[in-house]
Amino acid sequence: MHDLSLYLLDILENAVRAGATVIATTIVADRDADRLSMMVEDDGPGLPVQPEQALDPFFTTKQHKKTGLGLSLFRQAAEAAGGGLTVDRSDELGGVRVCAWMRLADVDRPPLGDVAASLATMIVTNPEIEFQVVVDDGGERTSLRGPDVPLRLSELVSFQKALP
C-alpha cells in the first residue's frame, strides 16, 4: 500500500468484518508539532489475540489467507516517517483502537491519498454501521456523525489538499 487512505480502508474493513456497529475515525494534522495522526476505534468484540501478535505480518483472522500485512506495513510506514503505531482496546467504544502517528513534513511520510473516497466507500457499502469522522487541521475541527457523514465528505477533500 502506498497511500495512508488505503491503510485506513484496510482498518475500516477489518472493523466491519469483526462485527462493529460504530466506527470512529480521527485524523489530526498538527503543523506546529509536525505531526499527523490517524486513529480508528470501533465497538466490535476486540482483538482475539494480544496486540503485538496482531501486528505480526504472518497473523490474520481471515480464512484462506496466510498473511495479514495491513497493520505491519502501516506500522513500518509510520516508523519510517518518525512515528509509530499501536493497537489496543478502545476506552470509548470498547472494541479495537488503532493509532498511527508520524512527522507531517517527513520526506518518508506516505501521501494521505483519497481519505474521502475510502470513507465514502465504507459508508455506502455498510449503511447499517454508524460512522463517525473527526478531522482536525490545526484548530479547524470538523466533526461528522451519523447520517450527515456521506453528505459532508467533501469537507475532507479540502483537508486532503491542504496537507503537504
Side-chain angles (χ1 to χ4, degrees), residues 1-18 20 22-31 33-44 54-55 57 60-62 65 67-88 90 93 95-127 129-138 140-164:
M1 288 186 253
H2 184 63
D3 293 349
L4 295 174
S5 64
L6 297 177
Y7 292 114
L8 175 64
L9 182 62
D10 186 54
I11 294 167
L12 295 171
E13 288 173 342
N14 287 343
V16 169
R17 201 173 293 109
V22 178
I23 302 173
T25 302
T26 304
I27 303 170
V28 178
D30 185 340
R31 286 177 174 74
D34 188 30
R35 182 177 168 118
L36 174 67
S37 61
M38 301 173 75
M39 181 173 63
V40 176
E41 299 179 88
D42 67 52
D43 70 342
L55 292 168
T60 183
T61 58
K62 298 171 188 161
K65 284 191 78 182
T67 61
L69 297 174
L71 287 174
S72 62
L73 289 175
F74 193 10
R75 177 172 65 175
Q76 183 180 14
E79 288 174 350
L85 181 140
T86 59
V87 179
D88 55 12
S90 167
L93 297 176
V96 174
R97 174 177 52 207
V98 176
C99 235
W101 64 94
M102 59 203 74
R103 287 190 306 263
L104 183 60
D106 196 289
V107 68
D108 291 322
R109 179 182 63 81
L112 190 60
D114 197 344
V115 172
S118 292
L119 286 164
T121 298
M122 294 306 297
I123 292 165
V124 169
T125 58
N126 300 284
I129 295 175
E130 179 186 338
F131 285 90
Q132 304 168 4
V133 181
V134 173
V135 176
D136 187 332
D137 185 17
E140 184 74 27
R141 192 172 184 93
T142 302
S143 189
L144 313 174
R145 186 179 201 123
D148 66 335
V149 173
L151 302 175
R152 295 181 56 205
L153 283 176
S154 62
E155 294 175 35
L156 290 178
V157 174
S158 60
F159 170 80
Q160 291 169 183
K161 289 179 181 178
L163 288 182

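Taking CG of Leu9 as the reference point, atom OG1 of Thr121 lies at 6.5 Å (rounded to 0.5 Å). Here the CG-CG distance, from Leu73 to Leu6, works out to 11.5 Å after rounding to the nearest 0.5 Å. Annotation: the span from Leu112 atom CG to Tyr7 atom OH amounts to 13.0 Å, rounded to 0.5 Å. Rounded to the nearest 0.5 angstrom, Ser118 OG and Ile123 CD1 are separated by 10.5 Å.
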How far apart are the C-alpha atoms of Leu36 and Ile27, what are their side-chain angles, what is the distance that settles it, and do they pass the side-chain contact (heavy atoms from CB on, under 4.5 Å) test? CA-CA 7 Å; Leu36 174 67; Ile27 303 170; 4.1 Å; yes

Determine, stepwise, if the pair Leu119 / Leu12 fulfils side-chain contact (heavy atoms from CB on, under 4.5 Å). CA-CA 8 Å; Leu119 286 164; Leu12 295 171; 3.8 Å; yes

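Environment of CD in Glu79: crowded, with over 12 heavy atoms of neighbouring residues, nucleotides or ligands closer than 6.0 Å.
You'll find the side chain of Met38 reaches within 4.5 Å of the side chain of Leu8, heavy atoms only. Within the 4.5 Å cutoff, no side-chain heavy atoms of Ile129 are placed close to those of Val22. Taking 4.5 Å as the limit, some side-chain heavy atom of Arg17 sits within range of a side-chain heavy atom of Asn14. Taking the side chain as every heavy atom from C-beta outward, Leu71 and Ile11 approach each other to under 4.5 Å. A 4.5 Å side-chain heavy-atom check between Val16 and Met122 finds at least one atom pair inside the cut-off. A 4.5 Å side-chain heavy-atom check between Leu104 and Arg31 finds at least one atom pair inside the cut-off. Using a 4.5 Å heavy-atom threshold, the side chains of Pro110 and Met102 count as touching. Side-chain contact between Asn126 and Phe131 is present, with at least one heavy-atom pair separated by less than 4.5 Å.
In terms of modelled atom types and a separation under 3.5 Å, the side chain of Ser5 and the main chain of Asp114 share a donor-acceptor contact.
Take Asp106 and apply the salt bridge (Lys or Arg N to Asp or Glu O under 4.0 Å) test, not counting sequence neighbours, and it matches Arg103. Qualifying side chain to side chain contact (heavy atoms under 4.5 Å, CB included) partners for Ala24, counting only residues two or more places apart in sequence or in other chains: Leu93, Gln132. In this structure, the side chain to side chain contact (heavy atoms under 4.5 Å, CB included) partners of Ala20, at least two apart in sequence or on a different chain, are Ala15, Ile23, Asp42, Asp43. For the side chain to side chain contact (heavy atoms under 4.5 Å, CB included) test, residues two or more places apart in sequence or in another chain that qualify with Ser37 are Val28, Arg35, Trp101.
Taking every heavy atom of both residues into account, Asp34 and Ala105 meet most closely at OD1-N, 2.8 Å. Across Ala100 and Leu85, no two heavy atoms sit closer than the pair CB-CD1, 3.9 Å.
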